[in-house]
Amino acid sequence: MSTEDHPAPRSLAEALRGRDDTALGALLRSRPDLITPVPTDLTQLATRAGTRASVVRALERLDRFALQTAEALAVAGDPASYDELLGLMAGDDRDPEVAAALPAALTALREQALVWGADDRLRLVRTARELLAPSPQHPSPTGLGPSVREATAGMSPGRIQEIVAAVGLPSTHDSVSAVQALAALFTHRKKMARLLAAAPAESREVLERLMWGPPYGQVTHDPAARLRWLLDRGLLLPTAPGTVVLPREVALHLRAGRAHRAPEPVPPAVPAASAHRPQVVDATAAGQAYTALATVEELLTDWNEGGPPVLRAGGLSVRDLKRTAVALDLPEPVAAFWVELAYAAGLLASDGEADERYAATPAYDEWLERPAPERWALLAQTWLTATRTSGLVGGRDAKERALSALGPGLDRSAAPEVRHRVLALLAALPEGAAPDPEAVLARLRWERPLRGAQGTPGAQGTQGMQGMQGPQPSRPEEDLRARLARWTLAEAELLGMTGRGALSAHGRALLGAHTEKTPRTEPHGPGDKLPFHHHRAPGALEPLSPAEQAVVATAAARLLAPLLPEPLDHVLLQADLTAVAPGPLQRPLAAVLGVLADVESKGGATVYRFTPASVRRALDAGRTAADLHAFLAAHARTPVPQPLAYLIDDVARRHGRLRVGAASAYLRCDDDTVLNEILADKRAAPLRLRLLAPTVLASQADPAALLDGLRAMGYAPAAESADGDVLITRADAHRTPPRTPPEPVPDGPPMPDATLLSAAIRAIRAGDLASTAPRRPADPAAPRPAPGELPRTSSAETLATMQAAVLTGEALWIGYVNAEGAASQRVIAPVRVEGGFVTAYDHTADEVRTYPLHRITGVAELASD
């Protein structure tokens, strides 16, 4: 079962040195933090792999069974044999399912450099052992306590001899041998069975309550008889005044050798909870995709002339989010999702003005010009990779500050991986099948268990005991990954990735390239012998190149296109000043109609209503009455109703008769009777108007306020420029400067691509060759340099050795300091020495290089062996 083909390694560095490039590449791919920056040699790589931060990251990416295996090794001997580990995992009865899965889990730990050594000497990396081994401050996830040797470390020799005598063992000459004898008794199944058979029933009940942990409890100064019986025989050992512990060996005997109450060698299945015809799923998802596009367009149309203001701390106020939700006729959390998605896609941003507001970006106009399937693919791709998490809106951060939409603090680096993994689980089901969300969550918890998130197993063992009381676990709220998974299922349905809970065909296509990037389930090389969940965390994403993103988007758009309704070029006009669009409208028609009329209701058909304000809006945008009549006649399947024609003519007749300019503001009209009528109107008092000439009024209000005030009074004024021309205001007038979408926050160092991985392995191998090559000192009596220490020779010795090597063709080990002062070790074969330079083939760089002799700190010949 061991992956080592050479003599047993004495350190992790030696174990790594025995790996081939494929296995080393698998390690660096699964733990990219190890090559940030690239280590100089394998010794430095091993040191970095044992640092606390790196080990914690690696442990967090293990599945539940691999983590249980590491936890078992943490309570086993150091080193431990495979048989000992198997006993801890499979128990005395050697559970066949656990025994079958253990080799794969152990290989995964080896590949992750968390375990090294042959099967007869398995060693858990020291930092991992410190994190997983039991201690009073940090109980083990196994629920086991300290060993007999650890628990009796501070006990008096006399007390140890009393315990040895009480269990029927012969007295020994020292405490060490007495503790060894006691531990040997507790690990002997038959002798322990006889000892426990003589225990009172109440004492055995105490042991049964403690055996699954936590193993610590408190006793009074005068313990009850059932506890005294256990204390006298060392079955409970004192660790502090008033505190006792169940020794590990005793607990393992009671557990029939198992380190865990419930080993989980097989991931929970994700069965289909319901099934639908794939055509129904695709049609439902396509309907949601169309709704998604319409919702984003409606949102940004609402913000066309400048959206809500940006809070001083960044983000959208609660009031503005509520207003947006009402405008979209959606719940606030759903409105926050669309706002965040549009922001992540680069379709909206802050305008950067002094009075900063949110508005659409120039990219939004480009997005609108693309076909509907391509627009959807962009939104879906953005959602898959975005780290901004709208589900957090309305919550609180670590400093109890409110989290607002578009504000800071919403990035969660785990979001892309969780989204992809949830969809990958859906993709593994038959087409049209939808899973139970709880089954998905159970599978995710198995693939990435959060240590300590669900309390310590068996914590109930101390409840109800008289004279002893153990710590009670708390039940924490649902962890972030579970919430992300629930949000993913809901958001995928909103976006049209899924329909009726099942993954759609276009959703599969968009997910396809990501899925191909994950490790495959079948063996395909020396470094890949196991199912994917034993190699790397499922769902780990590699970045897609722009070309790959284009291929994915094209495939998804091609599948979605036939499912979307064909845009219409007509509407149905009705006599009640409404127009009905029986389906989606073509872009130019929708754009003009959106200015000319207001949306009254949405659904399968959209109802638009014509009002004086909406017609005036179209006239303000530069249209004339004749333009509007021609537009309606060209796009209406029914004759233009007379009330609508009258409405257009009436508003157009009055539009622009009044002209508003800057005085602060002025108002002019060729018809002085209209101006006199305005002056006589009491509603004009707030505008503070005065007559300058028969056709001109001046106001202390600014032009915008004057326009709004006159329109509220029922007039149809038009703004004019300094040259006296009517100002045309278009619906898309306000746009932000070009903005780049927010960058996703990476979850640790990026995964290296094949080129970087190959270069890193070559550099590490070369550095290792230079640091481990055997040297032959010039003076046999001189001590050899320590590993990693640069050789030191005089300039004359360096030159002479170089010249001799040119003649003999031998390789040399040199210490070299570059122009930046960085020192390194190299193995070179000198070719030519002249002019203060040596030209040599550098084995570490695998190329011919020239080095200044004055930068070579020393040189040594390599040993002949």
Side-chain angles (χ1 to χ4, degrees), residues 267-296 330-331 334 337-338 341 371-384 418-444 485-516 518 521 538-539 551-568 581-584 602-606:
V270 183
S274 59
H276 311 277
R277 289 191 300 114
Q279 296 84 349
V280 173
V281 170
D282 293 345
T284 304
Q288 286 297 122
Y290 169 72
T291 302
L293 296 177
T295 303
V296 172
L330 294 171
V334 179
F337 168 70
W338 294 118
L341 182 59
E374 293 183 15
R375 285 185 280 140
W376 177 85
L378 174 64
L379 292 180
Q381 277 187 323
T382 299
W383 173 73
L384 271 175
V418 173
R419 291 191 194 111
H420 174 265
R421 188 57 193 144
V422 169
L423 296 179
L425 291 174
L426 268 61
L429 296 174
E431 292 186 6
D436 179 359
E438 293 304 320
V440 174
L441 295 181
R443 177 62 169 266
L444 291 180
R486 292 188 187 278
W487 294 333
T488 295
L489 292 170
E491 292 166 1
E493 195 77 12
L494 283 174
L495 194 55
M497 288 284 287
T498 60
R500 302 195 179 188
L503 193 62
S504 64
H506 48 275
R508 288 176 188 272
L510 197 66
L511 192 67
H514 292 279
T515 304
E516 291 168 9
T518 57
T521 57
V551 170
V552 170
T554 301
R558 187 173 60 251
L559 290 171
L560 178 61
L563 303 174
L564 293 178
E566 195 69 29
L568 304 176
K602 297 175 293 183
T606 304

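- Between the side chain of D436 and the main chain of A273, no donor-acceptor pair closer than 3.5 Å is present.
- Within the model, atoms OG1 of T606 and CG of L568 stand 10.0 Å from one another, a figure rounded to the nearest 0.5 Å.
- Note that the OG1 atom of T284 and the NE2 atom of H276 stand 8.0 Å from one another [nearest 0.5 Å].
- With hydrogens and angles disregarded, no donor-acceptor distance shorter than 3.5 Å links the side chain of E491 to the backbone of F337.
- Heavy-atom minimum distance, A485 versus V422: CB-CG2, 3.9 Å.
- In this structure, L559 and A509 approach most closely via the heavy-atom pair CD1-CB, 3.7 Å.
- Ion pairing between a basic and an acidic side chain is recognised when a charged N comes within 4.0 Å of a carboxylate O; R486 and E438 show such pairing.
- Side-chain contact check for L378 versus W383: every heavy-atom pair is 4.5 Å or farther apart.
- The two residues R421 and L444 have their closest heavy-atom pair at CG-CD2, 3.5 Å.
- In terms of modelled atom types and a separation under 3.5 Å, the side chain of S504 and the main chain of M497 share a donor-acceptor contact.
- Looking at H506, its side chain never comes within 3.5 Å of a backbone N or O of P373 through a donor-acceptor pair.
- Separating the CG atom in L495 from the OG1 atom in T295 is a distance of 10.5 Å, to the nearest 0.5 Å.
- R443 contributes a side-chain N or O that, together with a main-chain N or O of P268, makes up a donor-acceptor pair within less than 3.5 Å.
- Of the inter-residue distances, the one linking R500 atom CZ with R277 atom CZ reads 9.0 Å to the nearest 0.5 angstrom.
- In this structure the side chain of L489 reaches within 4.5 angstrom of the side chain of L426, judged on heavy atoms.
- Scanning all heavy atoms of the two residues, the minimum distance from P584 to P565 falls at CG-CG, 3.6 Å.
- Residues that satisfy the side chain to side chain contact (heavy atoms under 4.5 Å, CB included) test with V334, not counting sequence neighbours, are L330, P331, W338, L494.
- The two residues L423 and T498 make their nearest non-hydrogen contact at CD2-CG2, 4.5 Å.
- Taking CZ of R508 as the reference point, atom CG of D282 lies at 9.0 Å (rounded to 0.5 Å).
- Using a 4.5 Å heavy-atom threshold, the side chains of L503 and L511 count as touching.
- Listed here is the closest heavy atom pair of Y290 and G583: OH-C, 4.4 Å.
- Taking CG of L429 as the start and CD of E431 as the end, the distance is 11.0 Å to the nearest 0.5 Å.
- In this structure A502 satisfies the side chain to side chain contact (heavy atoms under 4.5 Å, CB included) test together with V281, A434, sequence neighbours excluded.
- In terms of the side chain to side chain contact (heavy atoms under 4.5 Å, CB included) criterion, residue partners of P430 (sequence neighbours excluded) are, by chain and number, A433.
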